[in-house]
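For ligands, and for the atoms within them, numbers begin at 1 and follow the listed sequence.
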Amino acid sequence: MYNIAVIGSGPGGYIAAIRCAQLGFKVAIIEKYANALGGTCTNVGCIPSKALLDSSHHFHDANSKFSEHGITVKGVEVDFTKLVERKASIVKQNNDGIAFLMKKNKIDVFYGEGSFVTKNKIAVKAADGSKQEIETEKVIIATGSKPTSLPFITIDKKRIITSTEALSLSEIPKHLIIIGGGIIGVELGSVYLRLGAKVTIVEYLDKLVPSMDDEISREMLRVLKKEGMEFYLGTKVTGATAKGKNVTVTAETKAGEKVELKGDYCLVAVGRSAYTANLGLENIGLKTDERGRVEVNENLETAVAGVYAIGDVIKGAMLAHKAEEEGVFVAETIAGQKPHIHYNLIPGVAYTWPEAACVGATEQELKAAGKAIKTGKFPFRALGRARASGDLDGFVKVIADKETDEILGVHIFGARAADLIIEGVVAMEYRASAEDISRMSHPHPTYSEAFKEACLIATDNRPLNM
Ligand code: FAD
Ligand code: NAD
């Protein structure tokens, strides 16, 4: 008998399992795919996409940036097979790393599809059809999400593909048409643009990465256009078909203009949906909400006592670090502790180059809520560090309360934004004012100085380097 069985080994599930083990519980983790611990994030998400982004970034720099540093390289070529093999080996290293962590924490791993027999009994069906049952006091559902499509588009996984196939193509597309200008669209679009493909994004809304601050979206659009990516914003896709090696995507602009695009691959990146297929939720009387997600209360416990759910399978941002926080939260809640998650302070990142990263509220959200605010915006091109590296695009934007000066949102588009944003998270966690940050020493020369300068502007409009 286990104290806790975790179903799903993504960043939510495996981190929950480790925290439960640290707290002294006897833990089992069940993963559908044999020897592939780590879920979407490790196998077909965060890790492989960043491996491809980094490889393609090097190629792009060698072709277009080295010369400005006085470095001449001739005959730069991509060995795409090797590039994809490298990605696969990085995924494998992460799979093995998580398997090591399970062993280290004495967590029993069961490979196979888990489904509820009762709330205390989970059947595990392995790929070879063999079955076993696990008895447990409590269960954490961490089964994650899968890509969605549009009702009128058939994903054939060859020419009309999802992010999963886009991470393992056998050739560089000639013309990749992407439906959806969200995070996956801009990240995987960047990979293939840098490798030489023509890339066209068709986005329903009027802006790229709609969840981000309007100014960040506009700056990203400007930079990606400059790099050669093509866009149809405010354009609704109405169809996508494949014939042989060709795809045709049809769409309609807001003004009613018809658009027809022809390419060799079409990536459908219109979001993901919670994954609960074959989980046997009906056997314990659990229903999903209108979007197929498992419903939970403020303790992330479902309507069935002792059954919890975390990560992409429940409401909220579909992010690996959100799933991790929830894994820790549930483990500590079960142990009788009183953990807390500040959902407003979970940062979001798009790994374009430059990167976009944000935490807290956007300017448009605060204005819509009638909040009196002030903003400070500092461009990277005014920084010595940015001039030295040649990464001049972008800015840091800090939004503060007009009266109290408390920081309410930080939005960055620029080199290393993904790593810089944590200063905004710490500032907001401790409810810092813009002046607090502006009075802290920031190392020179670094990109982080843009954050200090943006705070100086927000608090008193007195930048030192502009
Ligand atoms: P998942 O990671 O989806 O894991 C669920 C696991 O449960 C899977 O291994 C699945 O096989 C298993 N499972 C499902 N049903 C069963 C069952 N019945 N029995 C046993 N096992 C089962 N997020 C970021 O924060 N940063 C990024 O850079 C980032 N990049 C991404 C790039 C791409 C291309 C994609 C698609 C996603 C990316 N994400 C990123 C999102 C991130 O991957 C997810 O938010 C995260 O993986 C969710 O974690 P999870 O533990 O909830 O579920
Ligand atoms: P998304 O929600 O970020 O973007 C989907 C986009 O598709 C939206 O902009 C939407 O307006 C558009 N769209 C929907 N229907 C359309 C239509 N008919 N025509 C044209 N456009 C249409 O979803 P995603 O990019 O598929 O990513 C899925 C999830 O994975 C996200 O929740 C994201 O958080 C996560 N993810 C995170 C990262 C990261 O953290 N760096 C990277 C990749 C994925």
Give the atom numbers and elements of ligand 2 that come within less than 4.0 Å of a heavy atom of V349. 39 (C), 40 (O), 41 (N)

Is there a heavy atom in G271 that sits closer than 4.0 Å to ligand 2? yes

Heavy-atom contacts with G180 under 4.0 Å: which atoms of ligand 2 show up? List them by number with element. 6 (C), 7 (O), 12 (C), 21 (N)

How far is atom 42 (C) of ligand 2 from its nearest protein heavy atom, and which residue and atom name does that atom have? I183 CG2, 3.1 Å

Under a 3.5 Å distance rule, please check whether S217 uses its side chain to pair with a backbone N or O of L208 as donor and acceptor. yes

I need the minimum non-hydrogen distance between A350 and M220, along with the two atoms involved. CB-CE, 4.0 Å

Hey, are the side chains of E31 and V109 touching, using non-hydrogen atoms and a 4.5 Å cut-off? no

N/O of G181 under 3.5 Å from N/O of ligand 2, yes or no? no

Donor-acceptor pair between Y447 and S389 side chains, under 3.5 angstrom: yes

Taking the six-membered ring for Trp, are F110 and Y2 parallel (under 30°), tilted (30 to 60°) or perpendicular (over 60°)? perpendicular

Identify the protein heavy atom lying closest to atom 20 (C) of ligand 2, giving its residue, its atom name and the separation to 0.1 Å. Y204 N, 3.2 Å

Could you walk me through whether D391 and K65 pass salt bridge (Lys or Arg N to Asp or Glu O under 4.0 Å), step by step? CA-CA 10 Å; D391 288 306; K65 254 189 118 181; 2.8 Å; yes

Looking at atom 4 (O) of ligand 2, what's its closest protein heavy atom, distance included? G182 CA, 3.3 Å

Need the ligand 2 atom indices (1-based, order shown) with element for anything under 4.0 Å from a heavy-atom of P210. 9 (O)

Pair T164, K146: side-chain N/O donor-acceptor within cut-off below 3.5 Å: no

Given K50, M212, M318, which has its nearest heavy atom closest to atom 32 (O) of ligand 2? M318

Tell me which protein heavy atom sits closest to atom 40 (O) of ligand 2, plus the residue, atom name and distance to 0.1 Å. L319 CD2, 3.3 Å

Heavy-atom contacts with V202 under 4.0 Å: which atoms of ligand 2 show up? List them by number with element. 20 (C), 21 (N)

L286 versus A303, closest heavy-atom pair with distance: CD2-N, 3.9 Å

Stepwise salt bridge (Lys or Arg N to Asp or Glu O under 4.0 Å) test for E85 and K82: CA-CA 5 Å; E85 278 170 9; K82 190 165 177 190; over 6 Å; no

Surrounding CZ of R19 (heavy atoms of other residues, nucleotides or ligands, distance under 6.0 Å), is the total greater than 12? yes

Numbered in order shown, the ligand 2 atoms found under 4.0 Å of a heavy atom of Y351 are 41 (N)

For atom 15 (N) of ligand 2, what is the nearest protein heavy atom, given as residue, atom name and distance? V270 CG1, 3.8 Å

So which heavy atom in the protein is nearest atom 19 (N) of ligand 2, and how far is it from that ligand atom? V237 N, 3.4 Å

How long is the span from the CG atom in D96 to the OG atom in S89, to the nearest 0.5 Å? 10.5 Å

Please tabulate, for side-chain N and O atoms in residues 314-321, each donor-acceptor pair with protein atoms closer than 3.5 Å (sequence neighbours left out).
from: H321; atom 1: NE2; to: P347; atom 2: O; distance (Å): 2.7

Quick one: look up the protein heavy atom nearest atom 43 (C) of ligand 2 and list residue, atom name and how far away it is. I184 CG1, 3.4 Å

Nearest non-hydrogen protein atom to atom 5 (C) of ligand 2, with distance, is A269 O, 3.4 Å

Contact atoms of ligand 2, heavy-atom distance to R272 under 4.0 Å: 28 (C), 29 (C), 30 (O)

Nearest non-hydrogen contact with atom 11 (O) of ligand 2 belongs to which option: E203, K236, E252? E203

Inspect the contact between K322 and E325 and indicate whether a charged nitrogen and a carboxylate oxygen are less than 4.0 angstrom apart. no

Does the side chain of E135 reach to within under 4.5 Å of the side chain of E133, using non-hydrogen atoms? no

Kindly compute the distance separating NZ (K397) from CG (D213), expressed to the nearest 0.5 Å. 3.5 Å

Those protein residues which place at least one heavy atom below 4.0 Å from ligand 1: I7, G8, S9, G10, P11, G12, G13, I30, E31, K32, Y33, G39, T40, C41, V44, G45, C46, S49, K50, G112, E113, G114, A142, T143, G144, S145, S163, I184, R272, Y275, L279, G311, D312, M318, L319, A320, H321, A323, Y351

